[in-house]
Student: 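Pasting a structure here, questions to come.
Just so you know, ligand 1 is whichever comes first in the structure, and atom 1 is the first atom listed for that ligand. Computation of the quantities below employed the complete heavy-atom set of this structure, encompassing side-chain atoms and omitting hydrogens, waters and symmetry-equivalent molecules.
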Amino acid sequence: MIVAEKKAPIAERLMNGDRNAVARLITWAENGDGRFPKALAQFYPQVGKARRLGVTGPPGAGKSTLVNELVGHLRTQDRSVGVLAVDPSSPFTGGALLGDRIRMESRTSDPKVFIRSMASRSSHGGLARATIDACDVMDAFGFDDVLVETVGVGQAEYDVVSAADTVVVVLCPGAGDSIQAMKSGLLEVADVLVVNKDDMPGAQRLAADLGEAIHIRLAGRGKWITPVVMCSAGRGTGIEDVAKAIEEHRSFLGEMGLKQARNTKRVGQVRMVASEWVDQAVWSPEPRWNGTTCAAHVQQELSAGSTPYDIARNLRDAIMAGKLQDQPELREQA
Ligand SMILES: Nc1nc2c(ncn2[C@@H]2O[C@H](COP(=O)(O)OP(=O)(O)O)[C@@H](O)[C@H]2O)c(=O)[nH]1
Ligand SMILES: [Mg+2]
């Protein structure tokens, strides 16, 4: 008689080193699957050991090439590495992810390396949430380092990388994008600035300009001053310098600083998830407010001549006072 073997819970498999569990859990995170929060509750005690590095910058700057080199560098130290390539543009083009896949191919046979591409199917807010979740999964699995690559184009991407302990911003000469980055706030999120493609003309100049910009903006006693590091990821030169700058930022943070920074980020995560859930619950197609949906109720109030502010205030007060009707999906997700 064949007795069906009962599979261990996914969180248990994750913590026992099952790579399929990593993949499955990240998919759940991506889809906002209700099973994810339950699994997280089980493996959350294991979260917090991995070092988290965010790599961002304009498209084509060489982020993927650099990540590949950094993975190689970490492997020489026998550290295991989880890589998450977040690309919001991929649902439309598909190209970027394919390129990254091929570039990373040499690493994929390494059992100590795990590479996962992640596309944003949902809103940008959802992408940041899913990325943090995916990092937690790889952390609990036991990777020593977790690297997140994302295209630095806007607030959503900053949200994504800001979950990392250290953020590397990659720029390169000859692209107007780099000048744009200096204006658009990319410098503010950088803990380490990398001028990649230093085999190309203009690299020295760009590094000098960036150094100047950094000192004008951020110089201050006791504060971390973002270093500008030159390298050529394509040729594999200067990678040690990049790695060293990352190490120095970690030392600067120290154990207490790291703990504090992570706590602050967790508060941000709770705020993000709570907002998402409240938003979903309030605007769900089920009757919530005075026997009708919130959207319909708002319509009625508008027709009756109320101002948007008055209606919004009433809605906020109703939420705060727990006056909206039962919200089953909130309970289910909790
Ligand atoms: N000349 C030169 N090209 C590079 C270097 N690093 C990367 N590239 C090229 O720049 C292009 C974009 O690189 P990629 O890593 O995909 O950039 P990403 O979009 O930022 O991830 C590719 O064609 C790389 O081969 C470098 O150090 N020097
Ligand atoms: Mg890339």
Student: Just jot down the ligand 1 atoms closer than 4.0 angstrom to any heavy atom of Ser232, in number order.
Tutor: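 That gives atoms 26 (C), 27 (O), 28 (N) of ligand 1.
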Student: Counting only heavy atoms not in Glu255 (residues, nucleotides, ligands), do more than 12 fall under 6.0 Å from its CD?
Tutor: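 Open: at most 12 neighbouring heavy atoms sit under 6.0 Å from CD of Glu255.
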Student: Any N/O/S atom of Ser64 sitting less than 2.8 Å from the Mg ion (ligand 2), backbone or side chain?
Tutor: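 Ser64 does place an N, O or S atom closer than 2.8 Å to the Mg ion (ligand 2).
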Student: As an exercise, state the distance from CG of Asp78 to CZ of Arg75, rounded to the nearest 0.5 Å.
Tutor: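 Result: 5.5 Å between the selected atoms.
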Student: What I want to check is whether the side chains of Asp310 and Thr307 have a donor and an acceptor closer together than 3.5 Å.
Tutor: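 Asp310 vs Thr307: donor-acceptor pair found between side chains.
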Student: Is Ala233 in polar range of ligand 1, meaning some N or O pair under 3.5 Å apart?
Tutor: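 Yes, Ala233 has an N/O under 3.5 Å of an N/O on ligand 1.
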Student: Determine whether the side chains of Thr166 and His249 contain a donor N or O and an acceptor N or O closer than 3.5 Å.
Tutor: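 Distance-only check passes for Thr166 and His249.
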Student: Counting neighbours of CD on Gln300 that are heavy atoms of other residues, nucleotides or ligands and sit closer than 6.0 Å, is the number greater than 12?
Tutor: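 Atom CD in Gln300 is packed in, count exceeds 12.
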Student: For ligand 1, which atoms have a heavy atom of Asp199 less than 4.0 angstrom away?
Tutor: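 Selected atoms, number and element: 1 (N), 2 (C), 26 (C), 27 (O), 28 (N).
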Student: Between ligand 1 and Lys197, is the shortest N or O to N or O distance under 3.5 Å?
Tutor: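 So ligand 1 has an N or O lying under 3.5 Å from an N or O of Lys197.
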Student: As an exercise, identify every atom of ligand 1 less than 4.0 angstrom from a heavy atom of Lys63.
Tutor: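 Ligand 1 atoms under the 4.0 Å threshold to Lys63: 15 (O), 17 (O), 18 (P), 19 (O), 20 (O), 21 (O).
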Student: Taking 4.0 angstrom as the limit and counting only heavy atoms of Met200, give me the atoms of ligand 1 inside it, by number and element.
Tutor: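 With Met200 as reference, the close atoms of ligand 1 come out as 1 (N).
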Student: Is it the side chain, the backbone, both or neither of Val170 that has a heavy atom closer than 4.0 Å to ligand 1?
Tutor: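 Looking at Val170 and ligand 1, no heavy atom falls under 4.0 Å.
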Student: Out of the candidates Asp139, Asp144, Asp191, only one should pair with Arg52 under the salt bridge (Lys or Arg N to Asp or Glu O under 4.0 Å) rule; please name it.
Tutor: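 The single option meeting the salt bridge (Lys or Arg N to Asp or Glu O under 4.0 Å) with Arg52 is Asp139.
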Student: Which residue pairs satisfy the side chain to side chain donor-acceptor pair (under 3.5 Å) criterion with at least one member in residues 260-274, sequence neighbours excluded?
Tutor: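 Only Tyr44-Arg266, Asp136-Arg266, Asp165-Arg262, Arg266-Gln269 qualify under side chain to side chain donor-acceptor pair (under 3.5 Å).
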Student: I'd like to know if Gly57 contacts ligand 1, where contact means a heavy-atom distance under 4.0 Å to any ligand atom.
Tutor: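 The answer is no: ligand 1 sits nowhere under 4.0 Å from a heavy atom of Gly57.
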Student: Measuring from atom 5 (C) of ligand 1, which candidate in Gly234, Cys172, Gly238 has the nearest non-hydrogen atom?
Tutor: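 The option holding the nearest heavy atom is Gly234.
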Student: Would you check whether Thr65 has a nitrogen or oxygen atom less than 3.5 angstrom from a nitrogen or oxygen atom of ligand 1?
Tutor: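 The answer is yes, given that Thr65 and ligand 1 share an N or O pair closer than 3.5 Å.
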Student: Find, among atoms of Glu149 that are N, O or S, the one nearest to the Mg ion (ligand 2), and state its name.
Tutor: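 Result for Glu149 and the Mg ion (ligand 2): OE2.
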Student: By number and element, which atoms of ligand 1 are closer than 4.0 Å to a non-hydrogen atom of Glu149?
Tutor: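 Reading through ligand 1 atom by atom, the close ones are 21 (O).
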Student: Just to be sure I read this right, does ligand 1 sit under 4.0 Å from the backbone of Leu66, its side chain, both, or neither, counting only heavy atoms?
Tutor: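 For Leu66, no heavy atom sits under 4.0 Å from ligand 1.
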Student: Just how far is it from atom CE of Met230 to atom CG of Leu171, taken to the nearest 0.5 Å?
Tutor: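 If I round to the nearest 0.5 Å, the distance is 12.0 Å.
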Student: Would you say Cys231 and ligand 1 have an N/O pair spaced under 3.5 Å apart?
Tutor: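 Min N/O separation from ligand 1 is not below 3.5 Å for Cys231.
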Student: Is the shortest distance from a Lys or Arg side-chain nitrogen in Glu248 or Lys244 to a carboxylate oxygen in the other one below 4.0 Å?
Tutor: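 Salt bridge between Glu248 and Lys244, a charged N being under 4.0 Å from a carboxylate O: yes.
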Student: For Glu247, look at atom CD and say whether over 12 heavy atoms of other residues, nucleotides or ligands are found less than 6.0 Å away.
Tutor: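 More than 12 heavy atoms, drawn from other residues, nucleotides or ligands, come within 6.0 Å of this atom.
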